[in-house]
Amino acid sequence: MTAVIEAKGISKRFGGVQALQDVAIQAEAGQVVGLIGPNGAGKSTLVGCLTGLIRIDAGAVFFRGQEITHLSPHQRARLGIGRTFQKLRLADRLTVFENVAAGMFAHLFRNEGASRLRRTVAPVRRPEVTDAVTRALRSTGTESLRDEMVGVLPYGQRHFVELARALVSEPDVLLLDEPATGLTDSEKDRLCEVVTQFRAGGRAVILIEHDLELVGRLCDQVMVVDHGQPIFAGTPAEAQRNPTVVVAYLGTARLGPKGGENHA
Ligand SMILES: Nc1ncnc2c1ncn2[C@@H]1O[C@H](COP(=O)(O)OP(=O)(O)O)[C@@H](O)[C@H]1O
Ligand SMILES: [Mg+2]
């Protein structure tokens, strides 16, 4: 089956830091692929390479088999690549409705155009916009917040607004960068429902997440990176049993006499 999104041989250096070295990842229709690894491993950088926000040094990115490496972020968004940011990119002084509506227009403009729109223009209330926003709010459970200013919302709720903003343009692939940070258990359940519903439509998800329980619940496959290098690919259960992954992820310090290999 052709992957909805695929990247091969991705390398990216920032000054003295090799953030990614020859990394590959792919997600097929209906799949949720986890991208895990310690802080600084290169996970957010890889998402940036897929969306085009980060220019790669080597490698290639494909959408439904077509190479898109040369396309700009807004061209990729228009093709159907949606994302959320680890550091949420919401406008605090606009309402939930306006923030989510801005997600429909972001892909029509170059980056600065979209952010200017987000800052200064209340999006037009055309029926097709209102309908799409309503669907996105409903699917993320944020309908009742529609007229609230984003700046007053608790952290967890803001994550769902960010998610709605990514969903409003009805992407084919969703790249989620640590969407569960700061969520309560019931909010995590809601996040699982949103992702499950999205993938059920034959769409693909790449999920960066530290909560391995959540990764186990949602992901068909996981990819583990450490220091910019791919160190494992397989099922979540295999990842949790893999000594290399355990050491990279938890750090050797956590492998004491109780759980450690030293004790074996
Ligand atoms: N824009 C940037 N400029 C310089 N260094 C960066 C930049 N973005 C990321 N890095 C570095 O690249 C490495 C990978 O970062 P990142 O992709 O954010 O890791 P992760 O998301 O896995 O925590 C880190 O060492 C980070 O400091
Ligand atoms: Mg990150």
Side-chain angles (χ1 to χ4, degrees), residues 2-28 31-77 79-89 111 162-163 166 171-181 195 198-199 203-212 214-215 218-236 239 242 244-245 248-249:
T2 309
V4 182
I5 188 127
E6 179 172 18
K8 291 181 190 167
I10 302 292
S11 295
K12 176 67 192 179
R13 172 179 281 275
F14 294 111
V17 178
Q18 190 69 44
L20 295 170
Q21 180 67 49
D22 198 17
V23 177
I25 191 165
Q26 68 168 62
E28 293 175 1
Q31 253 190 346
V32 182
V33 175
L35 175 56
I36 68 175
N39 283 328
K43 304 178 300 294
S44 295
T45 301
L46 184 55
V47 164
C49 295
L50 295 173
T51 63
L53 221 51
I54 294 174
R55 193 181 287 253
I56 56 179
D57 300 332
V61 183
F62 301 86
F63 180 77
R64 298 198 183 283
Q66 303 265 0
E67 184 163 2
I68 58 166
T69 318
H70 57 288
L71 297 186
S72 67
H74 75 280
Q75 286 170 320
R76 296 185 200 195
L79 274 180
I81 300 176
R83 77 170 297 179
T84 63
F85 288 89
Q86 182 173 1
K87 189 170 180 302
L88 307 184
R89 295 206 176 171
N111 291 333
E162 173 94 354
L163 199 51
D172 288 335
V173 54
L174 195 53
L175 311 173
L176 302 175
D177 197 345
E178 303 197 18
T181 305
V195 171
F198 181 81
R199 67 113 65 100
R203 290 165 293 188
V205 180
I206 293 179
L207 171 71
I208 298 179
E209 186 47 59
H210 284 298
D211 181 337
L212 295 185
L214 198 64
V215 168
L218 278 174
C219 298
D220 308 293
Q221 289 286 309
V222 294
M223 239 274 291
V224 187
V225 285
D226 188 22
H227 294 100
Q229 314 256 1
I231 61 166
F232 175 85
T235 66
N242 184 290
T244 314
V245 174
Y249 207 75

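Because the structure is a prediction, the values reported are computed rather than measured.
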Shortest non-hydrogen pair, Ser44 vs Asp177, comes out as OG-OD2, 2.6 Å
Check whether any side-chain N or O of Glu162 sits under 3.5 Å from a backbone N or O of Phe85 as a donor-acceptor pair, and report yes or no. yes
For side chain to side chain contact (heavy atoms under 4.5 Å, CB included), just list the numbers for Phe62 and Ile5, CA-CA rounded to whole Å, side-chain angles, deciding distance to a tenth of an Å, and then say yes or no. CA-CA 6 Å; Phe62 301 86; Ile5 188 127; over 6 Å; no
With rounding to the nearest 0.5 Å, note down the distance linking CD1 in Ile68 to CD in Glu6. 11.0 Å
Find the distance between NZ (Lys12) and CD (Gln21) and round it off to the nearest 0.5 Å. 13.0 Å
What do you reckon, is NE2 of His227 surrounded by more than 12 foreign heavy atoms closer than 6.0 Å? no
Which atom pair, heavy atoms only, marks the closest approach of Thr51 to Arg76? O-CD, 3.4 Å
Distance check, rounded to the nearest 0.5 Å: Ile25 atom CD1 versus Ile10 atom CD1? 10.5 Å
Distance in Å, Lys8 NZ paired with Thr69 OG1, rounded so as to fall on 0.5 Å steps: 10.0 Å
Heavy atoms of Ala204 and Ala27 approach each other most closely as CB-CB, 3.9 Å
Between the main-chain N or O of Arg13 and the side-chain N or O of Asp57, is there a donor-acceptor pair closer than 3.5 Å? yes
Looking at CG of Leu176 and CD of Gln86, how far apart are the two atoms once the value is rounded to the nearest 0.5 Å? 12.0 Å
Closest non-hydrogen atoms of Gly65 and Thr2, given as atom of the first, atom of the second and distance, are N-CG2, 3.5 Å
Rounded to the nearest 0.5 Å, what's the gap from CD on Gln75 to NE2 on His70? Could you check? 7.0 Å
Show the nearest heavy-atom pair for residues Glu209 and Ile36, with the distance to one decimal. O-CG2, 3.3 Å
